[in-house]
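See structure below.
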Amino acid sequence: MPSIRAPAARKATTLSVAVKCRPLTDREGGRDIVRVNNDKVIVELIFLLFYMKSIGVYERSIQSTIAGVIQGLNATVFAYGSTGSGKTYTMVGTKDDPGLMVLSLNTIFNRIKNDKSSDVFQVTCSYLEVYNEVIYDLLEKSSGHLELREDPEQGIVVPGLRCIKVNSADKILELLNLGNSRRKTESTEVNETSSRSHAVLEISVTRKQRDKYSNQVIRGKLALVDLAGSERACETNSGGQKLRDGANINRSLLALANCINALGKQQKKGLAYVPYRNSKLTRILKDGLSGNSQTIMIATISPAVSQYHHTVNTLKYADRAKEIKTHIQKNIGTINTHVSDYQRMIDSLQIEVSQLRKELADKETQLIAKPTEKASDDELSWLDTLSHETSENVQERINLQKALFEIEEMNISNHNELQNLDDAIAKQQVKYHCVLNLIKI
Ligand SMILES: Nc1ncnc2c1ncn2[C@@H]1O[C@H](COP(=O)(O)OP(=O)(O)OP(=O)(O)O)[C@@H](O)[C@H]1O
């Protein structure tokens with residue numbers, strides 16, 4: 001398994017938010033309360049925000065970010081909105097109107113296909129759902145409960161989650177459809193096929209240089225998240241298990257909303273505690289909300305009068321979310337080279353060395369075998385002169401060294417002699433003073 005560590009250089013970026021308004025459904029009828037005016041959303045003229053037409057959401061907000069995934073960047077795209085506002089439609093879509101998951105996968109595989117480098121790509125995919133605070137593997141027929149673990153290098157990981165190697169967008173779409181058929185959905189008063197779980201499709205793209213001695217690996221991750229819808233019990237007209245599901249969905253969405261609030265405050269007022277640990281959903285989205293990820297939130301809204309409060313609420317969160325900052329950095333690392341790889345490298349280097357030795361020996365034999373040739377003669381006489389000059393040089397250095405030693409010895413003996421003379425003068429001076437004193441007396 002390659003160990004991928006992101007390098008130090010990080011770039012701060014803000015969470016991008018796009019608003020997608022679905023058309024009125026037959027069931028809703030009535031008045032359409034959302035207007036779009038110069039890229040601003042106007043809900044009955046009281047709330048302003050920016051807007052993306054559904055057809056342009058992908059091209060304008062997502063495509064360029066997805067392209068970064070094959071360059072080693074992480075990206076997260078999640079749809080946020082009330083039940084029936086069009087999250088699943090936006091993320092999964094239909095055959096005629098493909099959703100963001102499908103469009104993103106096509107972009108990734110097209111980019112890989114058109115890549116001009118000789119790098120080797122590997123794409124893997126996993127698909128999980130969080131239902132009632134329990135994680136299930138949607139690519140496993142009968143998945144057990146899975147746990148979340150925080151890895152210092154890889155961030156949040158789900159041990160035991162299937163990660164399938166894929167080599168075409170079609171293969172992932174097949175897996176996506178399989179996973180969606182296993183997803184928990186229910187018919188509620190608001191939505192006939194309401195998702196009861198949060199689903200996370202994760203695509204991982206690893207690219208490795210083809211060079212045999214290089215072990216550099218780049219890995220980008222794309223997380224596509226389809227959240228379950230927030231709802232009011234009175235609206236969904238549900239009871240029993242449905243009511244419990246709804247309560248759990250609301251709890252995790254509330255945890256998400258609290259994280260968005262805290263992160264928004266953090267940007268404006270400095271440090272604030274972000275309660276990621278309050279739900280599995282927020283733990284999974286932690287990197288997307290504040291870590292190493294370019295994140296895009298698609299706020300889905302309904303234009304129906306009956307959904308007025310939900311629409312305003314979603315737009316308020318979208319407005320706060322656009323303040324959130326993340327820090328992106330390329331995931332470049334090295335493969336932990338296996339001992340056998342080193343052995344192979346050593347073997348090939350040894351072959352290279354013995355070939356070079358052989359070539360050198362051949363050259364030497366040629367030189368000895370053709371002493372009369374002028375070029376060789378010149379070369380040999382030049383070598384002779386060089387070696388003569390070198391030995392003369394060495395001899396001169398030895399002589400100089402000897403002379404230096406002799407001078408140093410002479411210096412020491414001179415110094416000693418000087419010391420003795422000083423002592424003698426001092427003694428004579430004492431004697432002289434004594435004699436002088438005696439004469440005076
Ligand atoms: N852009 C659109 N064009 C046409 N129909 C749409 C569009 N968006 C959503 N719908 C329709 O609206 C209904 C609700 O959409 P969807 O199931 O995607 O909502 P949701 O937000 O995922 O709901 P929940 O949270 O309950 O799962 C569906 O019948 C869907 O086909």
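First listed ligand is number 1; within each ligand, the first listed atom is number 1.
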Self-check item: Residue pair Ser104 / Leu224: nearest heavy atoms and the distance that separates them
Solution: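 Looks like OG-CD2, 3.9 Å.
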Quiz prompt | N/O donor-acceptor pair under 3.5 Å between Ser143 side chain and Glu140 backbone | solution =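 No; judged by distance alone, with no hydrogens or angles, the pair does not exist.
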Quiz item: Is a side-chain donor or acceptor of Asn331 paired with a backbone partner of Gly220 at a separation under 3.5 angstrom?
Solution: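 Checking the backbone N and O of Gly220 against the side chain of Asn331, no donor-acceptor pair under 3.5 Å is found.
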Are any of the N/O atoms in [X] less than 3.5 Å from those in ligand 1?
X      : answer
Thr83  : yes
Gly86  : yes
Asp226 : no
Tyr89  : yes
Gly84  : yes
Thr88  : yes

Exercise. Begin with the C-alpha distance, continue with both residues' side-chain angles, and end with the deciding distance and a verdict on side chain to side chain donor-acceptor pair (under 3.5 Å) for Tyr127 and Asp137.
Key: CA-CA 6 Å; Tyr127 198 21; Asp137 189 343; over 6 Å; no
Per-atom contacts of ligand 1 with [X], taking only distances under 4.0 Å to non-hydrogen atoms:
X     : answer
Ser82 : 21 (O)
Lys87 : 18 (O), 19 (O), 20 (P), 21 (O), 22 (O), 23 (O), 24 (P), 25 (O)
Arg22 : 7 (C), 8 (N), 9 (C), 10 (N), 12 (O)

Self-check item: Side-chain ion pair, Glu150 and Lys286, N-O less than 4.0 Å
Solution: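 Answer for the salt bridge query: yes.
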Quiz item: Do NZ/NE/NH1/NH2 and the carboxylate oxygens of Asp226 and Lys87 come within less than 4.0 Å?
Solution: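 Between Lys87 and Asp226 there is no salt bridge, as every charged N stays at least 4.0 Å from the carboxylate O atoms.
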Exercise. Give a yes/no verdict on whether any heavy atom in Gly81 is under 4.0 Å from an atom of ligand 1.
Key: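 The answer is no: ligand 1 sits nowhere under 4.0 Å from a heavy atom of Gly81.
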Practice problem: Could you establish whether Ser302 and ligand 1 come within less than 4.0 Å of each other, counting only heavy atoms on the residue side? | Solution: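 So Ser302 does not count as touching ligand 1.
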Quiz prompt | Proximity to ligand 1 by part of Ala79, non-hydrogen separation under 4.0 Å | solution =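 The answer is neither; Ala79 stays 4.0 Å or more away.
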Quiz item: Taking the six-membered ring for Trp, are Tyr136 and Tyr131 parallel (under 30°), tilted (30 to 60°) or perpendicular (over 60°)?
Solution: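 The arrangement is tilted - the two ring planes meet at 30° to 60°.
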Per-pair distances, 0.1 Å, donor-acceptor, side chain in residues 274-283, under 3.5 Å, sequence neighbours excluded:
unit_1, atom_1, unit_2, atom_2, d
Tyr276, OH, Ser290, OG, 2.6
Ser279, OG, Leu281, N, 3.4
Ser279, OG, Thr282, N, 3.1
Ser279, OG, Thr282, OG1, 2.9
Lys280, NZ, Glu133, O, 2.9
Thr282, OG1, Tyr276, O, 2.6
Thr282, OG1, Ser279, N, 3.4
Thr282, OG1, Ser279, O, 3.0

